[in-house]
Student: 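Encoded as structure tokens, here's the structure I'll be asking about.
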There are 2 protein chains.
Amino acid sequence: MPNKNIPKSVIKRLAVYLRILDNLIANDVEIISSRELSEETGFTAEQIRKDLAYFGAFGTRGTGYNTSFLKDKILRIIGLDEQTNIVIVGAGHLGIALTRYNITKNPYVQVVAAFDIDPEVVGQYIIDTEVMHVSRMKEIVEKYAVKVAILTVPIEQSHNSVEDIVASGIKCIYNFVPTKLYVPEGIYVHNADLSIELNSLIYYATESKNKVF
Amino acid sequence: MPNKNIPKSVIKRLAVYLRILDNLIANDVEIISSRELSEETGFTAEQIRKDLAYFGAFGTRGTGYNTSFLKDKILRIIGLDEQTNIVIVGAGHLGIALTRYNITKNPYVQVVAAFDIDPEVVGQYIIDTEVMHVSRMKEIVEKYAVKVAILTVPIEQSHNSVEDIVASGIKCIYNFVPTKLYVPEGIYVHNADLSIELNSLIYYATESKNKVF
DNA sequence: CTTAATATGTTAAAATAATATCAAGGTGAG
DNA sequence: CTCACCTTGATATTATTTTAACATATTAAG
């Protein structure tokens, strides 16, 4: 195992660097220093260098980092060097938004299908992505080796959907449903928790006023 | 200032406790111990007690915490003791989803309006929330003392929208646009970064395979 | 009333993460 | 070629956050 417990925050920052590198490469920038990356990202240059140092030495002293080379390295670190297929479970507004969002923004990740149970929605297309009935999930997951399910169903449906997802063989759920999911051992759930984020944001929005507890 | 640099993670966990407490109160549970809260949330009991201890002593030794009392305390800590008004900027699928999501899930926060520039959308309603033209933002923000803007416009629009938001007097932006926002001093931006979250999730989804960097 | 059991809240220790320092490698001007 | 200047990457330091330990308070049973 080459990775000795990398902090979660490091991985997130890598994903940020990736986005910046994409922009730089699109603008034909070939070399970038940690200091310049610092200005783009808001993280300190030291932190950027240390983050990268967890995985190797990708820069050239006196010069900086080659943008394409670094991008490839980060892609490989994250696991995006080969295309990752995902599915959306729940083709409501949020599911549609995420499907479109993903298709337009992320060349490494492919939404291979969206699933729903509503006969009105099943069979429609979100740009290129077909909305299928949930009963076809296992078939699609096996065919495309789907790694991640994004869960965007109503709360009442979430329990059923989790069962479907687990039965299909997916091990990783990105949960947008504002409730705790109960999953078997070995299934990794990442919660989006938008309302929790909003609440904590409100804390900072109202921080200035005098509080007595 | 009663709060001496509380960790961000503490505030997020408070919002989680709040959600659990809502459920408990709905089920007429009056007392909960930190150990039981631990089982519900996945955080350790010690951490829960320490989080609360940042703000005071809300429990009873030998017994636990009164759910309603603790809920009120957390509401006040976060700043949700008086209703917080927010607006959605960008009434696309994501904006619609977040408007509905919020209305159904969060009694402390009110989406008072959504804004868009598309004449096809302006004038429509998302449940009870009217979609207005962006030109009315300042008026609405002043009328309802709006604290937070949720930004869900396309990337190309984000720069203009930030200007509108800042001009309206809002100091706090919850940004769902996958780009860095450039804002004046004093404006707090919280990034949702869904694609970054997804990428970091994929790291964990593919972690098992042998990686050579 | 006393004692055992339970749970909080405070204080201390450990683990983790961020920041600073600096040697080594690399570039380019003169 | 040499020197001055950059920038990385490794190491050390500091700060932060989590975990653990324990004294204090409460309840209930005998």
Side-chain angles (χ1 to χ4, degrees), chain A residues 2-17 20-21 24 29-74 77 200 203-204 213, chain B residues 2-17 20-21 24 29-74 77 200 203-204 213:
Chain A
N3 57 329
K4 18 167 197 172
N5 48 344
I6 312 293
K8 275 192 175 184
S9 43
V10 171
I11 304 301
K12 272 196 197 173
R13 286 194 296 266
L14 287 183
V16 175
Y17 306 152
I20 305 288
L21 288 169
L24 291 170
V29 177
E30 290 183 0
I31 301 291
I32 184 108
S33 69
S34 59
R35 188 181 45 74
E36 290 167 307
L37 266 177
S38 167
E39 287 163 16
E40 290 293 322
T41 60
F43 307 124
T44 67
E46 293 80 2
Q47 188 164 56
I48 292 168
R49 293 203 299 275
K50 195 162 193 310
D51 286 347
L52 298 174
Y54 277 106
F55 303 98
F58 306 136
T60 308
R61 297 182 184 203
T63 309
Y65 300 91
N66 179 291
T67 50
S68 299
F69 180 78
L70 184 58
K71 175 187 167 180
D72 286 347
K73 287 297 181 186
I74 295 180
I77 291 166
S200 77
Y203 171 82
Y204 296 104
F213 301 116
Chain B
N3 56 330
K4 12 147 213 195
N5 48 343
I6 313 292
K8 275 192 175 185
S9 43
V10 170
I11 304 301
K12 272 196 196 174
R13 285 194 296 265
L14 287 184
V16 175
Y17 306 151
I20 305 289
L21 288 169
L24 291 169
V29 178
E30 290 183 359
I31 301 291
I32 184 107
S33 69
S34 58
R35 188 181 45 73
E36 291 166 306
L37 267 177
S38 166
E39 286 163 17
E40 289 292 323
T41 60
F43 308 124
T44 67
E46 294 81 3
Q47 189 163 55
I48 292 167
R49 293 203 300 276
K50 195 158 195 311
D51 286 348
L52 298 174
Y54 277 106
F55 303 97
F58 306 135
T60 310
R61 299 181 182 201
T63 309
Y65 300 91
N66 179 291
T67 50
S68 299
F69 180 78
L70 184 57
K71 175 187 167 179
D72 286 346
K73 286 297 182 186
I74 294 180
I77 291 166
S200 78
Y203 171 82
Y204 296 103
F213 300 117

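Predicted model, so just to flag it, every value in this text is computed and none were measured. Convention: sequence-line order gives letters A, B, ...; per-chain numbering from 1. Below, all heavy atoms of this structure are taken into account, side chains as well, without hydrogens, waters or symmetry copies.
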Student: Please tell me if B/Thr44 has a side-chain N or O lying less than 4.0 Å from either OP1 or OP2 of D/dT18.
Tutor: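 The answer is no; no side-chain N or O of B/Thr44 sits under 4.0 Å from OP1 or OP2.
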Student: Write down the distance between CZ (A/Arg35) and P (D/dC5), rounded to a whole number of angstrom.
Tutor: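 For the pair A/Arg35 CZ and D/dC5 P, the rounded distance is 16 Å.
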Student: For C/dT8, take OP1 and OP2 only and decide whether either is under 4.0 Å from a side-chain N or O of B/Ser34.
Tutor: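 Checking C/dT8 against B/Ser34, a side-chain N or O does come within under 4.0 Å of OP1 or OP2.
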Student: Whole-Å distance between C/dA7 C1' and B/Arg61 CZ?
Tutor: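 Spelled out: CZ on B/Arg61 to C1' on C/dA7 is 9 Å.
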Student: It should be established whether B/Tyr65 places a side-chain nitrogen or oxygen under 4.0 Å from OP1 or OP2 of nucleotide C/dG9.
Tutor: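 Yes, such a contact exists.
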Student: Should A/Arg13 be listed as having a side-chain N or O under 4.0 Å from OP1 or OP2 of C/dA18?
Tutor: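 Affirmative; the distance criterion is met.
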Student: For the CD1 atom of A/Ile74 and the OH atom of A/Tyr65, what is their distance to the nearest 0.5 Å?
Tutor: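 A/Ile74 CD1 to A/Tyr65 OH: 9.5 Å, rounded to 0.5 Å.
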Student: Nearest whole Å is fine: how far is D/dA15 P from B/Lys8 NZ?
Tutor: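 After rounding, the gap between these two atoms is 20 Å.
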Student: Could you tell me whether a side-chain N or O of B/Ser38 sits under 3.5 Å from a main-chain N or O of B/Phe43, the two making a donor and an acceptor?
Tutor: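 Flag set: sc B/Ser38 to bb B/Phe43 pair under 3.5 Å.
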Student: Kindly determine whether A/Gln47 and A/Thr44 satisfy side-chain hydrogen bond (donor to acceptor under 3.5 Å, both in side chains), including the steps that lead there.
Tutor: CA-CA 5 Å; A/Gln47 188 164 56; A/Thr44 67; 4.5 Å; no
Student: What's the CD-C1' distance between B/Glu46 and C/dA14, to the nearest Å?
Tutor: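 Computing the B/Glu46:CD to C/dA14:C1' distance gives 14 Å.
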Student: Under the salt bridge (Lys or Arg N to Asp or Glu O under 4.0 Å) test against A/Asp51, which residue among A/Lys12, A/Arg13, A/Lys73 passes?
Tutor: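 Only one option passes, and that is A/Arg13.
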Student: Between D/dT8 and A/Arg49, is there an OP1 or OP2 to side-chain N/O distance shorter than 4.0 Å?
Tutor: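 Indeed, a polar side-chain atom of A/Arg49 lies that close.
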Student: Taking only side-chain nitrogens and oxygens of A/Ser9, does any of them come within less than 4.0 Å of OP1 or OP2 of C/dA18?
Tutor: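 The answer is yes; a side-chain N or O of A/Ser9 sits under 4.0 Å from OP1 or OP2.
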